[in-house]
Every structure is written in structure tokens, then in C-alpha cells.
Amino acid sequence: MISSRTRIEILSGCLVLIGLGLMLYKVLALGFPLIPGEYRDVWTIEGKVSFTPGEGPVEVELKLPQGQAGWEVLDEHFASSGFGFGIREDGDKRWAVWTRSALEQPTTLYYKVQAYRLSNQALEDKSARPAVEPMLEKDQAVAVDRLIEVLSAKSSSPERFTALLIQSLLPGSTDPDAEFLLSTWEEEPHKVILAVLGRAGIPAYEIRGILLEDGRRRQTLSALVEIHNGKEWVVFDPVTAQSGLPADFFIWQRRGQEVLSVVGARDSRLEFALVSNSLPARTVAVMEEQAEQFALLDFSIYSLPVEQQGVFKGLLLIPVAALVVVIMRLLVGVSTSGTFMPILIALAFMQTTLWLGLAIFLGLVSAGLVIRSWLSHMNLLLVSRISAVVIVVIFLMAALAIASYRLGLDQVLSVTYFPTIILAWTIERMSILWEEEGPHEVLVQGGGSLLVAVLAYAAMSSKLVGHLTFNFPELTLSLLGVILLLGKYTGYRLSELYRFRNLGRSQ
């Protein structure tokens, strides 16, 4: 009869071989890279058009992006189930057009594009265009003229004029004309900038695009302003007044009309999901073209919608953290407060960065333990006690965020509800341990949990680990096999060898 240990070894060996075999298949047959940074970073951008049907036929037009400022479009896909679909072209401009005679329920249409940046080029078209005279009400025209007169006296070039204009329209400005224009203008703030520039005779146009952030969901289009200084076009950020095209900005439309037009429906909305992969352009193109030939790709992360790809990019790192916890507990002998607490703390660090996360964690947990100790004297039920701790932690984090914003520490604002729940649960676990085992055990297990969490964070934040887990999710099977093998380990831990080191010397 096969022993339990032998069965585990056989199962673990099969899992490791299956994971490695699938990985080798992708590397050798599909050309997936093993090392990140070996090839170009390819961005997958998925646009989602959602709307509620009205009466009569429905027609949806979406302006399609062009490769500009060094960007190259690799491939694009459209989801048009139940709709008539076509692409309308006008010179170098293209629109995706969906049509349907009738619609009864809210609908979502999808467009996915894959692009990479070949070079950091400036905007190609440098030819001047005439300034666009805005349509203004009488009181708006008077305010615009006064603002132009004030700014012209302080500026020496169109670039300086634009920078001063944007600064005068930022929140907190004391210019009464700027405040009046912002209060009476119903459109976006950058439209005010374009109107003032047009009135001043400076050619200015709008650039619509996406600020690229890996894993971002429900992203909307952002706007930049470009002006012509007599020689070339200069781009400005209407929020910060910084000049130059940001490296992480993907241009969707330049000097065009509306990006999205929906007829026969209401409540239309255009949102984007983003994910970045370290695959070469050639590999991505081959992967898209051969999706039917290689059936394995049907089970790849790339077959999921982009929004889900971003979610799994983080989830697939959890098995790596679990392996770190198993190694540190079973082989090294580090005591932790539970098995999953170090993993959860490491996930919180992924959102806040390590040093900032450590400072927030230690500060809030210390404060939470004091508050939890006070609540324990009130003889509250467990559910009420935990809920009270959650509320107190949220209040403390809100106070921390406000204080950090006043001090200019914007990174603290990245803390979300997810680390909040982790902190509340950690405080509750630590307080129970304090009551049952004493403060010494809290320091031992809390310190061990923090040490393992830092090591897990280091592994999860590694670019190589992130690349392998996302492009080769089958390696999770190999990790499972290794963890199962470690689960049968009954030998000495490193901490025990150190503890009994004198015993070995005496023999």
C-alpha cells in the first residue's frame, strides 16, 4: 500500500512537471519571454461603451486612436454582438460604428487596442493653424478681455501666457475674472483655457487621451492643451501648468470632435481598463493571430477582459507570498500570528509602498491596540467590538490622509479600504493575543508577521516574479507542488538548530 508521504510526493512531482511543461510550451512554441524587459512593454487598453436604450434605432460612433508621438498600434478588436458593425474612414481618421434597429435593455460595447511606444517622439505636425474664436456671452467676453490684458502684461511669449493662464484658473486663485469664468462656464475647465487662448489669438486645441497606469480600471479620458508658439506645438497640462507631453500619456484624439457619439440612447459612458505586459510586439501579434491554432491560449490570462487581467495580475502573486510564509514558518521557524496575516499585510504594502506602509502599519496598529484595550473594558460583544475598531481605524486613516495632504505627502492618499480592513483585523487579532498570551507573545508573533510580510512584499514586488506569474500562471501548479512537499517536512528548523547549538558542541 502506498504511504501518505509517497502519494504527496507523486502528486507534488506531477504538479511541478505540469506547471513547468506548460511554461516551456509557451516559451518554445509561442515565443513568450522568460525575462522581463527583454522586449517592449505592450499596453492593452480596453474601451467600454455603456448606455441605456431610448426609442428607435441606435447608432454608436467611437473615434479610434492613431499612433502618435512615437506610439505604434499593434492590434485592435471589437465586440459587436447583435449589432451591425463597420469602420468609417475620413482620410487618416477612423471611427467604429455600431448600429441596431431596436434595443430593449442596457448594453455595453467593447473595443480593445494593443500599443507600445517605439520612441519618445514629439508631436509630428508642427504646422500652424488659425486661432479659433470662441462663442462668448457679453459678460464672459468682458471678463476674458480683462484677463487677457492682465496676463499679457506679465508674459513675454505664448508659452508664458498659457502657463500664467492655467495658474490663474487653478483652485485657490484670487483673480476675480478667472473665478467668474470658472463659475459661469458649464464645460470642463480646460475649455475655459481654450476659449481665452482663442480670444487672445493664440492657436490652441484639445488633446484627448489616457494616463497609463498598470491595472487601472474605470479610467476616463484626460485632456491636454496644445498651443502654437510660432514654430511648433507645445503641450500643457491644464491641471498642473507643466509643459511637454507626458511619457505615460496615450493620445486618443487630437484636434477632433467628440470621441463618442450615441444616437437613440441615453446615459452613455466611455471607460477604460489598462494592463501592461512585458511582451515583445511580435509575440503579442503572433499570439492574437494564432489564438485558434494554439488552443492553450484559450486558457491564458490574455483571453480575459482587460479589467479582469488587472485583477488577476495581483491575485497571481498571492501563491508566491504563501510560499514565502511556508518556508519561513516550516524551514526557518519564524512565529507569525496566523498563516494569512503576513500575506494580507504584504498585499497592503503593495498598495502603499514598503516604508510608507510600515510607518502607517506600526502607527495605526499601536493606536488601535490602545483603543481596543479600552473597548475590552466595556464588555462589548465580538461583532460590535470589531466594527468599532474598523470605524476607529477609518477615522484615524482619514485624519492621517488630511494631515499628509496638508504637508504635501501625496503617497499616503493611495491607502484604500482594503488595507483599512486588514489593519482592523490585525488589531483585533493582536489584542486577543495580548489578552490570552501576554505582551511578549504579541511582540514575537507581531514581529515575525511583519518580517515575513516584508519578505513576501519583496518577492511580490519583484519585476521578474510579476512577469512570470502573469505570463505563466501555470507555474501556480508548481508552487502548489512545492508547498505540498514542504507540508511533509518534519525535520529541524533553522531557529531550532540555533537554539540547540550549544548541545551540539558539547557532544
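No hydrogens, no waters, no symmetry mates; every other heavy atom, side chains included, goes into these values.
- Residues E206 and R254 are not paired through a salt bridge, judged by the lack of any N-O separation under 4.0 Å between the basic side chain and the carboxylate.
- Taking the centre of each ring, F78 and Y110 stay at or above the 6.0 Å mark.
- Classification of E76 and R94 as a salt-bridged pair holds, one side-chain N sitting under 4.0 Å from a carboxylate O.
- Taking CG of L197 as the reference point, atom CD of E226 lies at 11.5 Å (rounded to 0.5 Å).
- The backbone N or O of E149 sits nowhere less than 3.5 Å from a side-chain atom of S152 that would complete a donor-acceptor pair.
- Judged by distance alone, with hydrogens and angles left aside, the side-chain atoms of R199 form no donor-acceptor pair with the main-chain N or O of D145 at under 3.5 Å.
- Among all heavy-atom pairs drawn from F51 and S268, the shortest one is CB-CA, 3.9 Å.
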#### Entry: Audit row: V275, W43, side-chain contact (heavy atoms from CB on, under 4.5 Å) steps and yes/no
CA-CA 6 Å; V275 67; W43 284 89; over 6 Å; no

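- Side chain of D90 to backbone of K93: no donor-acceptor contact under 3.5 angstrom is found.
- A donor-acceptor pair under 3.5 Å is absent between the side-chain atoms of Q253 and the main chain of I207, judged by distance alone.
- For the residue pair Q242 and D237, no side-chain donor N or O sits within less than 3.5 Å of a side-chain acceptor on the partner.
- Relative to the six-membered ring of W252, R208 misses at least one condition, a distance below 6.0 Å or an angle of at most 45° to the axis.
- Considering only residues two or more places apart in sequence or on other chains, R269 meets the salt bridge (charged side-chain N to carboxylate O under 4.0 Å, His left out) condition with E271.
- Here L475 pairs with L20, M23, L468, F472, S478 under the side-chain contact (heavy atoms from CB on, under 4.5 Å) rule; sequence neighbours left out.
- Without hydrogens or angle criteria, S462 side chain to A459 main chain gives no donor-acceptor distance under 3.5 Å.
- Here I483 contributes atom CD1 and T476 contributes atom OG1; the two are 9.5 Å apart, rounded to the nearest 0.5 Å.
- The aromatic rings of W98 and F85 sit tilted relative to each other, their planes meeting at an angle between 30° and 60°.
- Side-chain contact between L270 and T220 is absent, with no heavy atoms from C-beta onward closer than 4.5 Å.
- Side chains of L224 and P246 form a contact here, defined as non-hydrogen atoms less than 4.5 Å apart.
- Atom CD1 of residue I227 and atom OH of residue Y205 lie 13.0 Å apart, to the nearest 0.5 angstrom.
- Looking at L194, L165, I193 one by one, the single match for side chain to side chain contact (heavy atoms under 4.5 Å, CB included) with P238 turns out to be I193.
- L260 has its side chain within reach of V60: a pair of non-hydrogen atoms, C-beta onward, lies under 4.5 Å apart.
- Residues T107 and L109 form a side-chain contact, since some pair of their non-hydrogen atoms from C-beta on lies under 4.5 Å apart.
- We find the CD-CG distance between E474 and L15 to be 13.0 Å, quoted to the nearest 0.5 Å.
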